[in-house]
Amino acid sequence: MGKSGSERMPCGEPYRSAVSCRVMENRRVAEGYFIMSLGLPAACDTPLPGQFVMLRAKGVQAPLLGRPLSVYAFKRGEKGATLEVLYKVAGTGTLLFSGLPDGGDVEVLGPLGGRFEISPGVKNVILVAGGVGVAPLSFLASHCRGDRADARPRITCYVGAGSADALVGLDRLEASCSDVRICTDDGSCGHHGLVTDLLEKDFNLLDSRDSVICACGPSAMLKRMAELLEKHTVACQISMEERMACGLGACLGCAVAVKAGDGGFRYRRVCKDGPIFDLRELIWER
Amino acid sequence: MRTNPVGTVTPRLGVDIGGLILKNPVMTASGTFGYGEEYAAYNDLNRLGAIIVKGLSLESRPGNPPPRIMETASGMLNAIGLENVGVRDFIREKLPFLRQFDLPVIANIFGETLDEYQKVAEILNRAKGVHALEVNISCPNVKKGGIAFGADPDMAAEVTRKVKGAVDLPVIVKLTPNVTDVAVIAESVEAAGANAVSLINTITGMSIDVERRVPHLKNVTGGLSGPAIKPIALRMVWQVARRVKVPVIGIGGIMNANDALEFLIAGARAIQIGTASFVNPRAVSDILDGLAAYLARHDISHINNLIGTLTGGEEC
């Protein structure tokens, strides 16, 4: 598994495949939101923040395709490793996942795709999470916290959800971040309004020389961020979501348009060229 | 045929596809295996019968705007729109990777005009490491070319003649199921000189998001693939295999060795694995293992003794 693996030449070493594993726990954390813990063998590759896995219920032909889910947490133990995904029930695939019992069999392909890149000089990491977009950002935050104390950036997280009931993953964020700022559309918790409104107010305090924004959320949130960033120079990496068939870069199903020379565009694959993109690279309206 | 690494060959699986000798009948369907790179970490590419690469046009094509895919009952719709690097970049950037394997490379080609088909074929004919061509006259997802050629027997024959006249490689013609009688098209391209036919390409379909009342695919319609189309594909392969003398390559919803065996028994000389590779990146290897195990279990000395051996049944 892992990005380095796809560059490995076939020279007698074992080939990669999806890993069959057990659901250790599949816990409902809010209405429509679940955290699934998977027990992986010790030989599995360590996922990096921003990477995803393709998850399938084993032996099931419907739904046919795996579903791409960002890694929410990963921990090595004595005998193996635990990988967690945080997902929202959004269609037939995730609905099936939500009904998987503890001990159920699943197949995991990955980790796949690229990672968030936080360069050593960065002092401020700003996370902007909309809904279930909190998953890869929480994993990133826990990674940053593992850095040496003197190299550890300050992490501020802006979390938005429809209402207080839909706020998920706060415990982990609060453990990893210096500051967690909450917004809800209905005002039932934290700031009453959009996460981008709150972010906009703080924008001018950001020093783009030593700060980076990492975001994941609905496209309306990302589009609004693209507008805000027109007036600012701070770097911004986003994790994109698209329907995928293979997750490996072969089917070309998960295309997104990015800017190319001469005001043109070209398509990039979310699975292989992403899922992390520079926000300013993307074209929202074509 | 070149020698293969020890322990990876099962001699009794070898097949002859219109002059192209394959070590086994398992190929990758065009557009589902990229140019091989993405799957090399998951499969020993030296083991495959052949790789059929993503369809190539004269110039690169960006493909269709997203969304491009949608899962449907036991299958998926796609409207990728023949996104590809173009034939010259394929030869320069993709072919060297494939040349390091003992793996016949079949280039799938596409054109908007007869001239484009001919030019792409000529360029590939000169390239080192291309073993055959598969002519796509059946893509449902582009405005010009593709299915416009594949749905008419005379046009299909015309494309076949053009390509055959431009190359000395074996030419496979890939047929569309979106016609009244696919056997008529198969006979027509056989008469025009095709060395083999492959079928089926995807079946045109669509799907609608009822909440928003918009199509799930930006292109509105797309090509349906996966287990949902297998019975249709099998029926068409069976019909065509009885009407033409050239080898028939079976494609359509093959997910496992059992599915592959159905096509071989129905008369396919070889098979292509498509959507299954999306579900399981090792599908081609697993299916190959399953075929070998079946032959051993049934004590069949050579796969040729299995092909087209359907018995029983009575058409009423």
Side-chain angles (χ1 to χ4, degrees), chain A residues 1-18 20 45 54 56 58 60-67 91-93 107 109-110 112 240-258 260 264-272 283 285-286, chain B residues 5 28 31-47 54 60-84 97 100-101 216-218 222 225-228 253 255-256 274-282 285-286:
Chain A
M1 307 199 291
K3 235 196 165 181
S4 57
S6 60
E7 285 141 22
R8 208 183 271 176
M9 283 294 110
C11 52
E13 59 202 293
Y15 290 92
R16 285 160 188 278
S17 65
S20 294
D45 284 0
M54 292 294 280
R56 287 191 80 230
K58 195 178 166 85
V60 169
Q61 281 240 339
L64 185 66
L65 303 169
R67 294 294 187 268
T92 50
E107 287 178 345
L109 182 69
L112 302 167
M240 289 291 287
E241 188 176 43
E242 257 304 329
R243 289 201 288 265
M244 291 179 190
C246 68
L248 302 173
C251 75
L252 310 182
C254 60
V256 289
V258 302
F265 76 97
R266 60 179 176 151
Y267 290 120
R268 304 293 281 160
R269 301 163 295 183
V270 170
C271 68
K272 189 84 176 177
I283 300 172
E285 307 289 347
R286 274 195 59 244
Chain B
T28 65
T32 64
F33 214 75
Y35 305 105
E37 294 152 315
E38 289 84 6
Y39 287 94
Y42 297 91
N43 300 279
D44 179 356
L45 299 187
N46 297 299
R47 291 186 67 208
K54 175 77 183 160
S60 67
R61 295 172 63 99
N64 289 334
R68 291 176 169 187
I69 58 170
M70 180 65 195
E71 181 163 346
T72 55
S74 298
M76 62 177 281
L77 289 165
N78 89 77
I80 307 301
L82 290 171
E83 172 175 343
N84 81 97
F97 171 79
Q100 56 182 328
F101 301 97
H216 278 123
L217 300 180
K218 186 78 170 182
S225 66
M255 301 302 285
N256 51 48
T275 302
S277 291
F278 297 155
V279 179
N280 166 17
R282 283 190 48 78
S285 299
D286 292 348

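A note on names: the letters A, B, ... follow the listed sequences, proteins ahead of strands, and every chain is numbered from 1.
Smallest separation of non-hydrogen atoms from B:P281 and A:L109: CG-CD1, 3.8 Å. Here the shortest heavy-atom pairing between A:G253 and B:R68 reads O-CB, 3.7 Å.
Looking only at heavy-atom pairs under 4.5 Å with chain B, the residue among A:G93, A:G66, A:C251, A:C254 that has the most is A:C251. Of the residues considered (B:G274, B:G34, B:P62, B:G31), B:P62 shows the highest number of contacts with chain A, using heavy-atom pairs under 4.5 Å. Each of A:C246, A:P63, A:A62, A:G91 has some count of heavy-atom pairs under 4.5 Å with chain B, and the biggest count is that of A:C246. Contact count versus chain A (heavy atoms, under 4.5 Å) is highest, among B:G226, B:P227, B:S277, for B:P227.
We find the CG-CG distance between A:L252 and B:N78 to be 9.5 Å, quoted to the nearest 0.5 Å. Considering OH of A:Y15 and CG of B:L45, their distance stands at 7.5 Å, rounded to 0.5 Å. Residue A:L248 holds its CG atom at 4.5 Å from OH of B:Y42, rounded to the nearest 0.5 Å.
Using a 4.0 Å cut-off between charged side-chain N and carboxylate O, B:E71 and A:R67 make a salt bridge. Under a 4.0 Å N-O distance rule, the pair A:R269/B:E38 qualifies as a salt bridge.
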Practice item. Assess whether side-chain contact (heavy atoms from CB on, under 4.5 Å) is satisfied between B:M255 and A:Q61, documenting all intermediate values. Key: CA-CA 10 Å; B:M255 301 302 285; A:Q61 281 240 339; 4.3 Å; yes
Exercise for review: Just do the side-chain contact (heavy atoms from CB on, under 4.5 Å) check on A:L65 and B:M76 with the steps written out, would you?
Suggested key: CA-CA 9 Å; A:L65 303 169; B:M76 62 177 281; 4.1 Å; yes
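Counting only distance, with no hydrogens or angles, the side chain of A:R243 and the backbone of B:I69 share a donor-acceptor pair below 3.5 Å.
Contact annotation for B:T275: only side-chain heavy atoms (C-beta onward) come within less than 4.5 Å of a heavy atom of chain A. Contacts between A:R268 and chain B at a heavy-atom distance below 4.5 Å are absent for every atom of the residue. Both the backbone and the side chain of B:M70 come within less than 4.5 Å of a heavy atom of chain A. Contact annotation for B:Y39: only side-chain heavy atoms (C-beta onward) come within less than 4.5 Å of a heavy atom of chain A. With a threshold of 4.5 angstrom between heavy atoms, A:M54 does not approach chain B through any atom at all.
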